[in-house]
Amino acid sequence: LSLNLDMQFKEVLGNGELKSRLINMVDSGRTGHSLMFVEKDGYGALPLAMALIQYMMCRNRKAGEDSCGVCPSCRRVSEMMHPDIHFAFPVNSASKSGSGKPLSGSFMQHWRELYKTDPYFTEPDLYERIGIADKVGVISVAEAKEILDSLSLKSYEGYSKFMLVWLPERMNAEAANRLLKIVEEPSPDTYFIFVTHAPERIISTIRSRSQMIRLYPVSQGELAPFLSVRTGVPADEAVLYARTSGGSPGLALNMIQGSSASEAYLPLLTSMLESVVGKDLPALLEGNDAVLALGRERQKDFCLYSEAFLRKAMMHRRGLGSIADVLPSEKDAVMRFSSALPESFYEKAFAAFEGARTAVESNVNAKMVFCNLVNVLFALYNFRV
């Protein structure tokens, strides 16, 4: 699936009012030197930020509307090859880097290819593409030095320079502090654009000096037709994916393309629940090996998916299946466990999975976390604790 997105405002899904505000901000000369786009994963902050950069750099833009899309500057931005636009994003050591030093520049080809394939890509999509799916990406102090070096160069076109930092919450403290001075006192015509999923995890000194720009979910009425046209799914299924994704084009596309949480985690969860219902504690403990092999970020996603699945099963049990947003791949399992699990199971099971997710996020030993989780689930079902 290739979206081949031109980096113009008109091509970015949703947030029509926000696009107008960004255009007016540029036209009136009120663009801050540090902008922070806040979104949930897959909402489309990256293509929106690129559309803003293209509008700012276009010499032939139509004021109040959009960049021209055809001038040399626009074409270079569209190819993500403009020499005055620099990128930094979370990376880690991997064979695809081509070197032992985990810096964004080592993965730039994969970054560009991923964007061209799907500009609404999610954080796990990036990690999968650059070969670190079992690790957590970071923006290191070495990356911060690269950023400073890049911005010390003279502008190629003689106009503005841009540094786009994707997921600055992945910066360690030393890296963030190293960037602080240039964010506080940028060179003329130098712009920082941050795209974040968790602004509360960015040091306050950078956050307070940035203009916050919050994205909203794409409406069902806009997202569903887009999904149907791009992927060929029937209109009724497209509506389901639009709703289930929470208005996130990136998550919706992943669900349709088979790289969704359902495909990744449903087999693990159903195996776990089958062992619970079958009163097979040894199999339950043994099945933890597959969860432990996921790595911390995907273990957290597994817990979140499990909570969502149990919520759907509970709604089905209560006769609310028509509004539970059950995906086609989940239907049989939801039917099975909605009748097999007692009403008393759900609320405490939600709490158990959320507790496991929080513990993993706090770097508690994963083997201890999931051993405790399955013991709790076993006791909830078999002893009605």
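Computed from a prediction, not measured in an experiment: that's the story for all the values here.
Between Leu13 and Tyr120 there is a side-chain heavy-atom pair separated by less than 4.5 Å. Residues Pro90 and Val138 form no side-chain contact, since every pair of their non-hydrogen atoms from C-beta on lies 4.5 Å or further apart. Ser248 places none of its side-chain heavy atoms less than 4.5 Å from the side chain of Val218. With contacts defined as side-chain heavy-atom distances shorter than 4.5 Å, the pair Leu114/Ile130 does not qualify. Proximity of Asn375 to Leu285: side-chain heavy atoms (C-beta onward) are separated by under 4.5 Å at one or more points. A heavy-atom distance below 4.5 Å is not found between the side chains of Phe192 and Leu35. Lys367 is not listed as a side-chain neighbour of Asn288, based on a closest heavy-atom distance of 4.5 Å or more. For the pair Leu22/Tyr55, no side-chain contact is recorded, criterion being any heavy-atom separation below 4.5 Å from C-beta on.
Dense packing is recorded around CE of Met212, with more than 12 heavy atoms of other residues, nucleotides or ligands lying under 6.0 Å away. The number of heavy atoms from other shown groups lying within 6.0 Å of NZ (Lys40) does not exceed 12. In this structure, Glu17 places its CD atom where only 12 or fewer heavy-atom neighbours from other residues, nucleotides or ligands lie under 6.0 Å away. Within 6.0 Å of atom CD in Glu286, 12 or fewer heavy atoms from other residues, nucleotides or ligands are found, so the atom counts as exposed in its surroundings. Heavy-atom neighbours of Asp332 CG from other residues, nucleotides or ligands within 6.0 Å: at or below the threshold of 12. Atom CZ of Arg214 is surrounded by 12 or fewer heavy atoms from other residues, nucleotides or ligands within 6.0 Å.
Ion pairing between a basic and an acidic side chain is recognised when a charged N comes within 4.0 Å of a carboxylate O; Asp66 and Lys62 show no such pairing. Under a 4.0 Å N-O distance rule, the pair Arg112/Glu79 does not qualify as a salt bridge. Between Glu113 and Lys116 there is no salt bridge, since no side-chain N of the basic residue sits under 4.0 Å from a carboxylate O of the acidic one.
In the hydrophobic clustering of this structure, Met171 does not group with Val195; members are Ile, Leu, Val, Met, Phe, Trp, Tyr whose side-chain heavy atoms approach within less than 4.5 Å, directly or through other members. The hydrophobic cluster containing Val376 also contains Leu310, counting ILVMFWY residues as joined when their side-chain heavy atoms lie under 4.5 angstrom apart, directly or transitively. The same ILVMFWY cluster, assembled from side-chain heavy atoms under 4.5 Å apart, contains both Leu164 and Leu126. One hydrophobic cluster holds both Phe353 and Val364 under the rule that ILVMFWY side chains link at heavy-atom gaps under 4.5 Å. Note: the hydrophobic cluster containing Leu167 does not contain Met36 (ILVMFWY, side chain heavy atoms under 4.5 Å, direct or indirect links).
Between His33 and Pro186, the shortest heavy-atom distance links the atoms CB-CG, 3.7 Å. Counting all heavy atoms, side chain and backbone alike, Val91 lies closest to Ile132 at C-CD1, 4.0 Å. Leu377 approaches Phe345 most closely through the heavy-atom pair O-CE1, 3.7 Å. Closest non-hydrogen pair, Ser155 versus Asp84, comes out as OG-OD2, 3.2 Å. Between Pro47 and Tyr115, the shortest heavy-atom distance links the atoms CA-OH, 3.1 Å. Scanning all heavy atoms of the two residues, the minimum distance from Val334 to His316 falls at CG1-CB, 4.0 Å.
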Problem set entry | salt bridge (charged side-chain N to carboxylate O under 4.0 Å, His left out) assessment of Glu274 paired with Arg336 | CA-CA 10 Å; Glu274 287 289 359; Arg336 158 89 170 104; 2.8 Å; yes
Exercise. Run the side chain to side chain contact (heavy atoms under 4.5 Å, CB included) check on Cys58 and Cys68 step by step: do they pass?
Worked result: CA-CA 7 Å; Cys58 178; Cys68 74; 3.6 Å; yes
Problem set entry | Full working for side chain to side chain contact (heavy atoms under 4.5 Å, CB included) between Phe383 and Phe378 | CA-CA 8 Å; Phe383 305 114; Phe378 188 85; 4.1 Å; yes
For this session: Go through the steps to decide whether Glu184 and Lys181 satisfy the test salt bridge (charged side-chain N to carboxylate O under 4.0 Å, His left out), and finish with yes or no.
Result: CA-CA 5 Å; Glu184 288 180 318; Lys181 184 172 177 58; over 6 Å; no
For this session: List the steps, then state whether salt bridge (charged side-chain N to carboxylate O under 4.0 Å, His left out) holds for Asp125 with Arg129.
Result: CA-CA 6 Å; Asp125 292 335; Arg129 176 61 68 99; over 6 Å; no
For this session: Decide yes or no on side chain to side chain contact (heavy atoms under 4.5 Å, CB included) for Glu361 and Arg296, but give the supporting numbers first.
Result: CA-CA 8 Å; Glu361 194 166 46; Arg296 287 191 176 273; over 6 Å; no
Exercise. Would Arg75 and Val77 count as a side chain to side chain contact (heavy atoms under 4.5 Å, CB included) if you check the C-alpha gap in whole Å, the side-chain angles of each, and the deciding distance to 0.1 Å?
Worked result: CA-CA 5 Å; Arg75 297 320 307 164; Val77 176; over 6 Å; no
For this session: In sequence, state the C-alpha distance, the side-chain angles, and the governing distance for Glu65 and Lys10, and then conclude on salt bridge (charged side-chain N to carboxylate O under 4.0 Å, His left out).
Result: CA-CA 9 Å; Glu65 294 187 22; Lys10 67 181 181 181; over 6 Å; no
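Side-chain atoms of Asp280 never come within 3.5 Å of backbone atoms of Ser275 as a donor-acceptor pair (strictly under, hydrogens ignored). Looking at Gln54, its side chain never comes within 3.5 Å of a backbone N or O of Ser67 through a donor-acceptor pair. Judged by distance alone, with hydrogens and angles left aside, the side-chain atoms of Lys19 form a donor-acceptor pair with the main-chain N or O of Val12 at under 3.5 Å. The backbone N or O of Asn24 lies less than 3.5 Å from no partner atom in the side chain of Asp27, so there is not a single donor-acceptor pair. Checking side-chain atoms of Lys161 against main-chain N and O of Leu151 turns up a donor-acceptor pair under 3.5 Å. In this structure, Glu39 contributes its side chain and Ala45 its backbone to a donor-acceptor pair below 3.5 Å. Checked by atom type and distance alone, the side chain of Arg209 never pairs as donor or acceptor with a backbone atom of Ser34 at under 3.5 Å. With Ser271 contributing its side chain and Leu268 its backbone, the two residues share no donor-acceptor pair below 3.5 Å. Between the side chain of Glu143 and the main chain of Ala88, no donor-acceptor pair closer than 3.5 Å is present. Proximity of a side-chain donor or acceptor of Asn92 to a complementary backbone N or O of Gly137 within less than 3.5 Å is not detected.
The structure places OG of Ser104 at 9.0 Å from CD of Glu146, a figure rounded to the nearest 0.5 Å. Taken to the nearest 0.5 Å, the OG atom of Ser245 stands 7.0 Å off from the CG atom of Leu227.
A cation-pi geometry, defined here as NZ or CZ lying under 6.0 Å from the six-membered ring centre and within 45° of its normal, holds between Arg311 and Phe350. With a 6.0 Å cutoff to the six-membered ring centre and a 45° limit on the axis angle, Arg59 counts as a cation-pi contact of Tyr159.
In this structure, Phe87 has its ring center no closer than 6.0 Å to that of Phe89. For an aromatic pair to be called close, the ring centres must be under 6.0 Å apart, and Trp166 with Phe37 fails this.
A tilted orientation is assigned to the rings of Tyr265 and Tyr305, their planes being inclined by 30° to 60°.
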Just list the side-chain donor-acceptor pairs under 3.5 Å for residues 172-180, sequence neighbours left out, or say none.
from, atom 1, to, atom 2, distance (Å)
Asn172, OD1, Glu174, N, 3.3
Asn172, OD1, Ala175, N, 2.8
Asn177, ND2, Ala173, O, 3.1

